[in-house]
Number of protein chains: 2
Amino acid sequence: MTLNFWLRNRSVILYGVSLAVLLLLMKWLEWRFIIVDHAFELYAGALAIIFTLLGIWLAVKLTKPKTTTIIVEKEIFVKNDAFILNTNELTRLGLSKRELEVLQLMAEGLSNHQIAERLFVSLNTIKTHSSKVFEKLEVERRTQAIDKAKKLNLIQ
Amino acid sequence: MTLNFWLRNRSVILYGVSLAVLLLLMKWLEWRFIIVDHAFELYAGALAIIFTLLGIWLAVKLTKPKTTTIIVEKEIFVKNDAFILNTNELTRLGLSKRELEVLQLMAEGLSNHQIAERLFVSLNTIKTHSSKVFEKLEVERRTQAIDKAKKLNLIQ
DNA sequence: TTTTTGCTCATACTTTAGGGTGATTTTAAT
DNA sequence: ATTAAAATCACCCTAAAGTATGAGCAAAAA
């Protein structure tokens, strides 16, 4: 407890002790070399300087450091791969759900045969769907359809 | 409020009190051992207090606050149309310049015939190129090639 | 210089894609 | 209940795509 008190307040205690020592020293000096002219002014000046420095030291030591928080916004460019289906365009073109499904699988590189298997329908059905898709998208080839559909955000 | 004031300034108050105690101690010491003018000590004490306070004030006023910079990441979603060709993948796959050119035109929806016309070569040449492209990309269809090439950033 | 690589083209053949037409069934809307 | 759209499937035919093989030529690399 006593040790704790010492640790917590050693700055103050040290200060008091050193002040006492300083004053005693000055007194002794004064007593020793009292001959000096304007002794009082010098003494006061020294005191002022010393205690100003002491005050600065105290403030720096004992006050919490000022902190200014600067918030800087760092712009991070993120690739917008969050696909948002263009519903407007979809309804405008009149593409049905199934047709869009076929178009999506086309874009993934599947052949008509593979799409038929995937959707559990016949090859002819897929042909009919794809033909309708090309008609509605006003294209002639699946590659064109894919390109256009991607540009219109109809598929991913 | 008063308690808060105490907590915030206990260092300074403690210092003041201890200074007062110290001065009393000195007075007592003076009265006990040394015979000097009383006014001077009071003056010195006042000086000490004033200039210590001045030092504290100076320090508080003039110290630069520590700045903490907090960087907040602000996400900006950008359409990533800044295409960067994946040269590593390109050389890894061993795709030639011409083959890449054909692949690019494929992705734009052109037929082999159209590509041939565009590049002023025969249809058979384009067929050869496309076959090589499929081989190197390890795919069977142009739609697959397009899909893979886009995912690998080989084409736009 | 020789070799390799890239680009070109051809022929023959197979597979896939696409167009046209028509029909049935299911689902949704009027 | 009727109509309309969507989804399904078939057949026929043509066009395009893709495979395989061989070959000529020019530029770059060994």
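Small disclaimer: the values here were computed from a predicted structure and weren't measured. Quick note: numbers below take in every heavy atom, side chains included, and nothing from hydrogens, waters or symmetry partners.
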Whether each nucleotide of nucleotides 25-30 of chain D has a protein heavy atom under 4.0 Å at its base (B), only at its sugar-phosphate (S) or at neither (-) is summarised, 5' to 3', as ------

Just how far, in rounded Å, is [atom2] of [N] from [atom1] of [X]?
X	N	atom1	atom2	value
B/Leu119	C/dG6	CG	C1'	15 Å
A/His129	D/dA10	NE2	P	13 Å
B/Ile146	D/dA17	CD1	P	11 Å
A/Leu100	D/dA6	CG	P	13 Å
B/Lys132	D/dT19	NZ	C1'	13 Å
B/Glu99	C/dT8	CD	P	10 Å
A/Arg118	D/dA7	CZ	C1'	19 Å
A/Lys97	C/dA28	NZ	C1'	11 Å

Can you list every pair that meets salt bridge (Lys or Arg N to Asp or Glu O under 4.0 Å) and has a residue in residues 89-102 of chain B, with sequence neighbours left out?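 Found B/Glu89-B/Arg92, B/Arg98-B/Glu101, B/Glu99-B/Lys136.
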
Checking the side chain of [X] only, and the main-chain atoms of [Y] only, is there a donor and an acceptor separated by less than 3.5 Å?
X	Y	value
A/Lys148	A/Leu137	yes
A/Asn86	A/Leu152	yes
A/Gln144	A/Glu140	yes
B/Gln114	B/Ser111	yes

Could you tell me whether the phosphate oxygens of C/dT8, OP1 or OP2, come under 4.0 Å of any side-chain nitrogen or oxygen in B/Ser122? no

Which pairs, protein N/O on one side and nucleotides 16-23 of chain C N/O on the other, fall under 3.5 Å?
| residue | atom | partner | partner atom | Å |
| --- | --- | --- | --- | --- |
| C/dA17 | OP1 | A/Asn112 | N | 3.4 |
| C/dA17 | OP1 | A/Arg142 | NH2 | 3.4 |
| C/dA17 | OP2 | A/Asn112 | N | 3.0 |
| C/dG18 | OP1 | A/Arg142 | N | 2.6 |
| C/dG18 | OP2 | A/Arg142 | NE | 3.3 |
| C/dG18 | O6 | A/Lys127 | NZ | 2.7 |

Side chains of B/Thr128 and B/Thr125, donor plus acceptor under 3.5 Å: no

For B/Ser130, the side chain to side chain donor-acceptor pair (under 3.5 Å) test, sequence neighbours excluded, returns none

The criterion is side chain to side chain donor-acceptor pair (under 3.5 Å); which residues satisfy it with A/Gln104, sequence neighbours excluded? A/Glu108

Which angle, to the nearest 10 degrees, lies between the helix axes at the two ends of the helix from C/dT1-D/dA30 to C/dT30-D/dA1, each defined by five pairs?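 Nearest ten degrees gives 60° for this helix.
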
Side-chain heavy atoms of A/Arg142 within contact of A/Phe134, under 4.5 Å: yes

Is there side-chain contact between A/Leu119 and A/Val102, with heavy atoms separated by less than 4.5 Å? yes

Considering every strand and a 4.0 Å limit on heavy-atom distances, what is the contact class for A/Thr125: base, sugar-phosphate, or nothing? base

